[in-house]
Amino acid sequence: MNEMMIKLTSVTKSFGTVTALDGVTADIQAGEFFSLLGPSGCGKTTLLRTIAGFEEPDSGSIFIDGQPMRGVEANRRPTNMVFQSYAIFPHMSVAQNVGFGLRRRRLRPDELQRQIDDALRMVSLEGFGERAAHTLSGGQRQRVALARALIMRPKVLLLDEPLSALDKKLREQMQLELRQLQRAVGITFILVTHDQEEALTMSDRIAIMFEGQIAQLSTPQDLYMRPKSRQVADFIGSMNFLRAEILRRQADRIEVRIEGLGKVELAGDQASHNADDQPAAGVRPELLTILFDETDRAAREVEGEITGRSYFGDMTYYEARLDGASNAVTISMRNTSGRPVLDAGARIRVGWEADSIILL
Amino acid sequence: MSPGSLRSWLRSPDGRGLTLVSPPFIYAVLLLAAPLAAVAAFSFWTQNYLDLDRTFTIANYREVWTEPVYRVLMLRSLTVSALVTAVTVALAFPIAYFVSFRVEPARKPLWIFLITIPFWTSYLMRIFLWKVILGYNGVVNGSLLQLGIISEPLNFILYNVNAVVITLSHAWAPFAILPIFVALEKIDRSLLEAATDLGDGPLQRFFSITLPLAFPGIFAAALIVFIPTVGDYVTPRLVGGPSGLMISNMIELQFKKANNPPLGAALAVSAMFIVTAISLIFVRISRRYLRERA
Amino acid sequence: MNRMRISWLALYVCVYLLFLYAPVLLLPIFSFNDSSIVAFPLSGFTLNWFALLWQTETLHSAVRNSIMIAAITAIVSTMLGLCAARAASRYAFRMKRGIMGLIMVPLVLPEIVVGVSLLVVILQFGFELSLWSIVLGHVLICTPFSVVVLSTAFNNLDRSLEEAAIDLGETRWSTFRLISLPLIMPGVIASLLIAFTISLDEFIIAFFLAGTEVTLPVYIWSLLRFPARLPSVLALGTILLAASLILLVSAEFIRRRGLRRTGATDRGGLF
Ligand SMILES: Nc1ncnc2c1ncn2[C@@H]1O[C@H](COP(=O)(O)OP(=O)(O)OP(=O)(O)O)[C@@H](O)[C@H]1O
Ligand SMILES: [Mg+2]
């Protein structure tokens, strides 16, 4: 499992004056479900296309399974791609589409048929072989594109926003199926997405990209709980920022005073800010708790006042100002039965924990 | 260049594009650019009966730009062409408007087809048939006589500039209708509804919205008709009579019967120069107009 | 008020259509008219002109020449057009505007200039004028039309389809053959038809560059001045017009039946 499949070293690519990739370095493990996440235009597609061989990097190197890829054309690389538009050949049947890449292998007709049937079964499209490609629905096209790529048994499967054209229900179903499929075939998947939820639920590891650079590469949990920069913290989920002041710094403990929360001691891995910058304490909305009942107690408590709220059915998001803080915070609360909905102006007690704080 | 870098150049977009474009490009260089250069060279030489004197001279150009014969022909070509352009575009606009705004969407292709059918016959035959229509015993005179509108055949409609204008306006009709139609089709219909909403009457709406938005199509149509008609050869020859001849007829005469290719070349170069200049000015003006409005 | 305006416009459209159709309507009339002078009044019905078509050997060879030239022109200009259109729609290369501009120039060049310049060169180099010199000229003026038609076809072709084929192991050439070409086929056919039609009807270049053998338009031109057999040419025109109409209508009919079978929605097309 810890074998290295793809090694990217300082990959750089410009289009005219636009720098699409700016020194991307990353290792991707064999059998890993790896996601590239980032805002539109950050270079995700370009990185995928350089791995696939559709773009040649200006500098830097790409190794796939130990082989250098410079000068190797797309049709000779051990990668296959699922295109954002699916790129189903409209003038062919489903079976012809799925079997397209096997043409060159000159298989016996019955062997070819068997492989096509297997591939179709894998994506739950048994019996669709003779259908004309242009009669398929969006979800079915996506499955055909997957089958067509997987039948080649690539070392790496590249997926460029494969789910973005589907409606919400189907997208959630396909997220599960894709993940299961990847486990079943054991092929390295690299998925491009700009949907953070998609990346978090599906991936083993995620690379967050901004402006052609990888800002952080880590597991979903780590990215969520321990973002390395405000940009990353902001991009994944939402984060409250409160002004903080470092009081004392020891080997692996840091004592800070946080506006609105007070004095607290943090572990070393909770702080990853640049020493020059004015630090800020970040805390996720769901890690602040409104103590509704007189009897509710928390390890640490502060007081504040509700300034607004938005109701989302299962959740309510409160805007609140903690006493002594200059910024408002958001607190998300699950709507359980018997819990009141608070109005602006209500006084509240807020509970929190020291290890939910990160210093950025 | 080393073999390796040549190979990688051949795989770059630049190398691939140039390789791919080279067959049509080389063809155009050999059979268009080189011949045009030859014509340009000819225009500076002199024909001495059977052989060609290759000393540089601008005598041909002096003749072309000063002799009244050529000036008359050149001016006539330009005025006829301008007239044809104006007439064709003006006549075509209501048709394009009708098909775009009054015909049901499903029927539009049929109407476009209907408009192009008459042009599925030989160009020469069409022009010849205009001669039959406009002639002394022609359809127009016959009908007018029959209806008692005139008492003897009109003779100002054939073998003169009028006939050339009518015939060319017919020949280029679809080339004017189609670009205007395309421009009208692009107009967002909700703009018109918005204008009505703001209380514009139909006429006001037409002049404040439809017509300005159709200008790109009108400009394109004008250019498409103007450029080739200046150089038309067949129509003046068949229906123009002696007073309707144009510059192309003179170019042909010089190259063939008069056996003076250098003069013919100077005529051709001058004509191309003038047409290009007028077209460029026209393009510049229409661009500026369109930009100012935007 | 509204009704009035529409009917004025409709009236104008009728008159204009009459203007457009005037020459075409005369074509059949005179091809059945029993007189070698093409003028009114008509003198009686005859099928002789159609019969004469079969006997005129020069006409036959002119038609043969024209069809051969048009067919070669269509194929060559479509192939050149494929190269240029693909390069222009897929790659950024040096001096692209200039190169494409030169290829497209014949679109705005009077045909007489093309004819004259080729004539000068061919004669200067001491080549014989022949049907091939006409082909050279026709390919030159038809290529820009092919480029326009094929560029549209390539631009409408989703690039990722070609990339998908390459990704699945095909070479550039086999990708073109298996994916691009089938998908731009309507454009290729349109390009062939347009080039064929333009070449078939082109007169001036053929007039300048014809040697001893002539094309149909050049033959018609000679008849226009010595018109004894002219009505038989009109008869030929009638036949060609009828044939092209039948062809177009049946092509549309087949296209629609095909559409109905695949259940696709109708976009474009004639009726
Ligand atoms: N072929 C190209 N020519 C010129 N610029 C390009 C090309 N491809 C990408 N770019 C530019 O490179 C940058 C990165 O593009 P890329 O497509 O990789 O972004 P992305 O992260 O995939 O965005 P999205 O989420 O919108 O798909 C963009 O600024 C884009 O405009
Ligand atoms: Mg992208």
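Below, chain A is the first sequence line, B the second, and so on; all start at residue 1. Keep in mind that what you see is a predicted model, and the values were worked out from it rather than measured.
Contacts between I177(B) and chain C at a heavy-atom distance below 4.5 Å involve the side chain alone, from C-beta outward. For L238(B), the part lying under 4.5 angstrom from a heavy atom of chain C is the side chain only. When heavy atoms are compared at a cutoff of 4.5 Å, F30(C) approaches chain B solely by way of its side chain, counted from C-beta outward. Of the two parts of V29(B), the backbone and the side chain both hold a non-hydrogen atom closer than 4.5 Å to a non-hydrogen atom of chain C. Of the atoms belonging to I204(C), it is side-chain heavy atoms, and not backbone ones, that fall under 4.5 Å from chain B. Only the backbone of A92(C) comes within contact range of chain B, judged by heavy atoms closer than 4.5 Å. Proximity to chain C (any heavy atom under 4.5 Å) is shown, for I224(B), by neither the backbone nor the side chain. L25(C) does not touch chain B: none of its heavy atoms, backbone or side chain, sits under 4.5 Å away. For a residue to count as touching a neighbouring chain, one of its non-hydrogen atoms must lie under 4.5 Å from one of that chain's; by this rule L31(B) touches chain C with backbone and side chain alike. Proximity to chain C (any heavy atom under 4.5 Å) is shown, for Y123(B), by both the backbone and the side chain. For M100(C), the part sitting under 4.5 Å from any heavy atom of chain B is the side chain, from C-beta outward, and nothing else. For chain B, the nearby part of V120(C) is the side chain; its heavy atoms alone come within less than 4.5 Å. Looking at L114(B), the atoms closer than 4.5 Å to chain C (heavy atoms on both sides) sit in the backbone and in the side chain alike. Contacts of R90(C) with chain B are absent, with no heavy-atom separation under 4.5 Å from either backbone or side chain. Looking at F128(B), only its side chain comes within 4.5 Å of chain C, counting heavy atoms on both sides. For L17(C), the part sitting under 4.5 Å from any heavy atom of chain B is the side chain, from C-beta outward, and nothing else.
Note: V139(C) leads V139(C), V105(C), L82(C) in heavy-atom pairs under 4.5 Å with chain B. Taking chain C as the reference chain and counting heavy-atom pairs below 4.5 Å, the highest number among V39(B), I227(B), L18(B) is found for L18(B). When each of A87(C), A85(C), P110(C), G237(C) is scored by its heavy-atom pairs under 4.5 Å with chain B, the top score falls to A87(C). Of the listed residues V132(B), L36(B), I251(B), L91(B), the one with more heavy-atom pairs under 4.5 angstrom with chain C than any other is L91(B). Heavy-atom pairs under 4.5 Å with chain B peak, among K96(C), E202(C), M95(C), Q124(C), at Q124(C). Among the candidates G231(B), A28(B), P118(B), A34(B), the residue making the largest number of heavy-atom pairs closer than 4.5 Å to chain C is P118(B). Put simply, of P228(B), A268(B), A265(B), S248(B), the one with the most heavy-atom pairs under 4.5 Å next to chain C is S248(B). Among the candidates L240(C), V116(C), V113(C), T143(C), the residue making the largest number of heavy-atom pairs closer than 4.5 Å to chain B is V116(C). Ranking P94(B), P23(B), S12(B) against chain C, the residue ahead of the rest is P94(B), based on heavy-atom pairs under 4.5 Å.
The shortest distance between side-chain heavy atoms of S122(B) and I220(C) falls below 4.5 Å. Side chains of L20(C) and F119(B) form a contact here, defined as non-hydrogen atoms less than 4.5 Å apart. Taking 4.5 Å as the limit, every side-chain heavy atom of D201(C) sits out of range of all side-chain heavy atoms of W120(B). Contact annotation: the side chain of F101(B) never approaches that of L9(C) to less than 4.5 Å [non-hydrogen atoms, C-beta and beyond]. Within the 4.5 Å cutoff, the side chain of F207(C) has heavy atoms near those of the Y233(B) side chain. Between L32(B) and L109(C) the shortest side-chain heavy-atom distance falls below 4.5 Å. Between W221(C) and R237(B) there is a side-chain heavy-atom pair separated by less than 4.5 Å. When side chains are defined from C-beta on, V233(C) does not count as touching L124(B), because their heavy atoms never get closer than 4.5 Å.
Evaluation of the side-chain contact (heavy atoms from CB on, under 4.5 Å) rule for R172(C) yields E73(A), R16(B), Y91(C), I166(C) as partners, not counting sequence neighbours. In this structure, the side-chain contact (heavy atoms from CB on, under 4.5 Å) partners of P23(C), at least two apart in sequence or on a different chain, are R126(B), L129(B), W130(B), I133(B), H170(B).
Here the shortest heavy-atom pairing between Y27(B) and L136(C) reads OH-O, 2.8 Å. Scanning both residues, C83(C) and P24(B), for their nearest heavy atoms gives CB-CD, 3.7 Å. Among all heavy-atom pairs drawn from P13(B) and F93(C), the shortest one is O-CB, 4.3 Å. The heavy-atom pair separating W9(B) from R94(C) by the smallest distance is NE1-NH2, 3.1 Å. When every heavy atom of V121(C) is checked against every heavy atom of A38(B), the shortest pair comes out as CG2-CB, 3.9 Å.
The CE atom of M246(B) lies 10.0 Å from the CD1 atom of I112(C); values are rounded to the nearest 0.5 Å. To the nearest 0.5 angstrom, S31(C) atom OG is 9.5 Å from M125(B) atom CE. Here the straight-line distance linking atom CZ of F42(B) with atom OG of S117(C) works out to 11.5 Å at 0.5 Å rounding.
Between the side chain of Y21(C) and the main chain of I117(B), no donor-acceptor pair closer than 3.5 Å is present.
Within a 6.0 Å sphere centred on CZ of F19(C), other residues, nucleotides and ligands contribute more than 12 heavy atoms.
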